Amino acid sequence: MQAVTQSGCNPNQACYWSDPQAGTTLCFDEGNLGDGADCTSMIELCQGGLDCLPDDPDDLPNTSYHCRAYCDAQHPCASGTCESTSFIQGWQYCVP
């Protein structure tokens, strides 16, 4: 299963990182929240190819969370820049 390319899951499921440092992923029913959507409540999942990330990892649990696209060197961002996060090493996502 590949989170960046969304490959390896059943139809109507999306691939989300389980442990980016180990490179493991899990398949879940695909969420409905789009890129940049507020996912702070964590009630609903982001769409496939996106994950719910803290806006300020240094201010947990007081920060809000938004859906951000996965990216890597082979899969650049459609908009914004592909950056690593201090929240979880090995995870890259598109930031506006």
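Along the sequence shown, residues carry numbers from 1. Since this is a predicted model, take the numbers as computed values, not measurements.
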How close do [X] and [Y] get, counting heavy atoms only, and between which atoms?
{"X": "T5", "Y": "S7", "value": "OG1-OG, 3.0 Å"}
{"X": "D38", "Y": "L33", "value": "O-CD1, 3.9 Å"}
{"X": "Q74", "Y": "D72", "value": "N-OD1, 3.0 Å"}
{"X": "L45", "Y": "D29", "value": "CD1-O, 3.4 Å"}
{"X": "T63", "Y": "D56", "value": "OG1-N, 3.0 Å"}
{"X": "G48", "Y": "Q6", "value": "CA-OE1, 3.5 Å"}

[atom1]/[X] to [atom2]/[Y] distance, rounded to the nearest 0.5 angstrom?
{"X": "D59", "Y": "S64", "atom1": "CG", "atom2": "OG", "value": "9.5 Å"}
{"X": "C9", "Y": "L26", "atom1": "SG", "atom2": "CG", "value": "8.5 Å"}
{"X": "E83", "Y": "Y93", "atom1": "CD", "atom2": "OH", "value": "6.5 Å"}
{"X": "D55", "Y": "N62", "atom1": "CG", "atom2": "CG", "value": "12.5 Å"}
{"X": "R68", "Y": "C82", "atom1": "CZ", "atom2": "SG", "value": "13.0 Å"}
{"X": "D35", "Y": "C46", "atom1": "CG", "atom2": "SG", "value": "9.0 Å"}

Holding to side chain to side chain donor-acceptor pair (under 3.5 Å), I want the full list of residues that pass it with Y70, two or more places apart in sequence or in another chain. D51
For a side chain to side chain donor-acceptor pair (under 3.5 Å) check, start with the C-alpha distance between Q47 and N32, then their side-chain angles and the critical distance, and finish with the verdict. CA-CA 5 Å; Q47 294 172 344; N32 294 317; over 6 Å; no
Does the side chain of E30 come under 3.5 Å of the side chain of N12 through a donor N or O and an acceptor N or O? no
For C67 and C52, is the interatomic SG distance under 2.5 angstrom? no
Would F28 and Q13 satisfy side chain to side chain contact (heavy atoms under 4.5 Å, CB included), going step by step from the backbone distance to the final call? CA-CA 5 Å; F28 291 105; Q13 289 189 322; over 6 Å; no
Look at the side-chain heavy atoms of Ile, Leu, Val, Met, Phe, Trp and Tyr, link any pair under 4.5 Å apart, and say whether L53 and W17 land in one connected group. yes
Quick one: does any side-chain atom of T25 pair with a main-chain N or O of Y16 as donor and acceptor, under 3.5 Å? no
So V95 and H66, side chain to side chain contact (heavy atoms under 4.5 Å, CB included) or not? Walk me through it. CA-CA 10 Å; V95 294; H66 288 86; over 6 Å; no
